[in-house]
Amino acid sequence: MKKKIVVTGGTGYIGSHTSVELIKEGFDVVIIDNLYNSEAEVADRIEMISGVKPALEIFDVCDQKKLDEFFSKYKDIAAIIHFAAYKAVGESVAKPLDYYGNNLISLINLLNAMKKYGVPDLVFSSSCTVYGQPEKLPVTEDAPLQPAMSPYGNTKQIGEQILRDTTFSDKNIKAIALRYFNPIGAHPSALIGELPRGVPENLVPFITQTAYGLRDELKVYGNDYDTPDGSCIRDYLHVVDLAKAHVVAVKRLIEGKNKTNFEFFNLGTGIGVSVLEAISSFERISGIKLKYKITGRRAGDIEKIWADPSFANRELGWKTISTLDEAMKTAWDWENKIRSKKV
Ligand code: UD1
């Protein structure tokens, strides 16, 4: 029988790509999503790519009663991958209670349900933001965590702490936190991708929307950082590579290959790319000269961070495959397809 995996936030950006990869690997996917930042139609797109339509249950994981109904309906769940969360750094500063409430209550509800209904394994979306500005680069998993710069970042740190404490107190529960660096790009079919609400905060959707003519110009937030070209450095990884890491992590838990009951891994390419290099990559793959201007720094930005992914490479047997240009190309294909409504 196929193993059943619950994917919260499964119609969202990373969740939808992960659902595709799970189905391709023979898992039975059940999505929970409140459609706050996504659309039900994504389940059809997942079917177009994978040949299987995942079950979609539309409700908020913060709703304990609905969650109980869900677990009474779906039995024999092997694992949960928990994506559903708010993720806009700036918005989290303006609405901290929304962020703490949504991101933490959803996690606590799921863990309580796991205990109650006997679901043993959880994969959690964490972020490289837990490291703040690391002293040593590339950053390894044993780098000290820094005080979070935003309520969003804090929810990831507290989320990891909740998992550490819960897995310590209850040996029936195992968890893996995946610390994402900067996911970009879209599925090569251009049927699913990132679709931010309103003005994008993240770099790549802003680049593709500007090139498409939806935004006047990109603001490059600072060129006076201590980096070779003065712009900030990040580690951009293709979302399909990232999605595959979730499949590996879930299998590791199900097969009991985890070394401790709470594990955490850096997911990145290991390559630092500046904002100006990311723009050059876009210009190279699209043949478009991007309109941009250098402005002041964005409050709260880290100067430079990129992953040492060797622990994930070694322990999970996972590594990124796509190059920056390949990822950028899929982001551009997706932007074109979604705007021209050819999807
Ligand atoms: C941050 C967090 C990440 C989190 C993500 C959620 C860090 C290191 N990373 O990503 O964990 O999951 O927010 O949204 O804290 N940029 C511009 N112009 C723009 C937009 C961005 O120049 O219009 C620059 C930024 O200054 C930054 C880079 O592009 O240097 C990437 O920015 P962004 O895509 O917003 O991601 P992070 O801030 O790295």
Side-chain angles (χ1 to χ4, degrees), residues 9 12-15 37 83 85-94 99 103 124-134 137-139 143 145-157 159-160 177-185 194-211 214-237 239 242 264 266-269 272-282 290-307 324 327-328 331:
Y13 175 42
I14 306 170
N37 198 13
F83 292 104
Y86 294 158
K87 59 156 193 161
V89 176
E91 186 184 58
S92 79
V93 177
Y99 273 69
N103 291 5
F124 176 68
S125 299
S126 189
S127 167
C128 69
T129 196
V130 299
Y131 298 116
Q133 177 59 66
L137 287 166
V139 63
L145 304 191
Q146 309 269 0
M149 308 257 272
S150 69
Y152 158 78
N154 213 11
T155 65
K156 294 300 172 191
Q157 291 206 9
E160 286 199 12
L178 298 176
R179 294 176 176 168
Y180 312 156
F181 282 66
N182 289 57
I184 61 163
E194 189 172 10
L195 200 52
R197 279 178 302 140
V199 182
E201 291 207 19
N202 295 113
L203 179 64
V204 172
F206 210 105
I207 289 178
T208 54
Q209 288 197 11
T210 304
L214 298 173
R215 312 279 157 212
D216 291 340
E217 63 182 356
L218 170 78
K219 295 189 183 85
V220 173
Y221 296 134
N223 67 347
D224 56 353
Y225 284 100
D226 182 19
T227 60
D229 66 22
S231 64
C232 291
I233 294 178
R234 297 286 184 276
D235 183 337
Y236 298 95
L237 76 160
V239 66
L242 179 60
F264 45 94
N266 284 347
L267 298 184
T269 64
V273 171
S274 73
V275 177
L276 295 175
E277 284 171 334
I279 294 171
S280 299
S281 163
F282 175 78
L290 191 77
K291 278 192 238 155
Y292 70 89
K293 72 166 181 224
I294 313 283
T295 66
R297 293 179 176 197
R298 178 171 70 174
D301 256 338
I302 302 293
E303 180 170 86
K304 50 188 169 215
I305 186 164
W306 63 95
L324 174 66
M328 202 60 93

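In each ligand, atom 1 is the first atom listed, and ligand 1 is the first ligand listed.
At a 3.5 angstrom cut-off on N or O pairs, Tyr180 does not count as close to ligand 1.
Contact analysis leaves Phe181 out of contact with ligand 1, as no non-hydrogen atom separation drops below 4.0 angstrom. Under a 4.0 Å heavy-atom criterion, Tyr236 is in contact with ligand 1.
From the protein, the heavy atom lying nearest to atom 26 (O) of ligand 1 is Asp301 OD2, 2.5 Å. Annotation: atom 8 (C) of ligand 1 to nearest protein heavy atom, Ile302 CG1, 3.7 Å. Ranking protein heavy atoms by distance to atom 37 (P) of ligand 1, first place goes to Asn182 ND2, 3.6 Å. Ranking protein heavy atoms by distance to atom 5 (C) of ligand 1, first place goes to Asn202 ND2, 4.2 Å. Scanning the protein for heavy atoms near atom 39 (O) of ligand 1, the closest one is Arg234 NE, 2.4 Å. Of the protein's non-hydrogen atoms, Leu218 CD1, 3.5 Å is the one closest to atom 23 (O) of ligand 1. At the top of the distance list for atom 16 (N) of ligand 1, counting protein heavy atoms only, stands Tyr221 CD1, 3.6 Å. Protein heavy atom closest to atom 20 (C) of ligand 1, with residue, atom name and distance, is Glu201 O, 3.4 Å.
Between the side chains of Asn266 and Tyr131, at least one donor N or O sits under 3.5 Å from an acceptor N or O. Between the side chains of Glu91 and Tyr152, not a single donor N or O lies within less than 3.5 Å of an accepting N or O.
Less than 4.0 angstrom separates some heavy atom of Ser127 from each of these atoms of ligand 1: 3 (C), 11 (O), 12 (O). Taking every heavy atom of Tyr152 and a limit of under 4.0 angstrom, the matching atoms of ligand 1 come to 4 (C), 12 (O). With ligand atoms numbered from 1 in the order given, ligand 1 contributes 17 (C), 18 (N), 19 (C), 22 (O), 23 (O) to contacts under 4.0 Å with heavy atoms of Lys219. Of all the atoms in ligand 1, the ones that sit under 4.0 Å from a non-hydrogen atom of Cys232 are 30 (O). Within ligand 1, counting atoms from 1 as listed, the ones closer than 4.0 Å to a heavy atom of Val220 are 22 (O).
Put simply, CZ on Arg234 and OG1 on Thr269 are 13.0 Å apart, with the number rounded to the nearest 0.5 Å. With rounding to the nearest 0.5 angstrom, the CD1 atom of Ile279 is 7.5 Å from the OG atom of Ser231.
No more than 12 heavy atoms of other residues, nucleotides or ligands lie within 6.0 Å of CG in Asp216, so this atom counts as exposed by the packing criterion. Within 6.0 Å of atom NZ in Lys304, more than 12 heavy atoms from other residues, nucleotides or ligands are found, so the atom counts as buried in its surroundings.
Remark: of the listed residues Gln157, Lys156, Glu160, Glu160 is the sole one forming a side-chain hydrogen bond (donor to acceptor under 3.5 Å, both in side chains) with Ser126.
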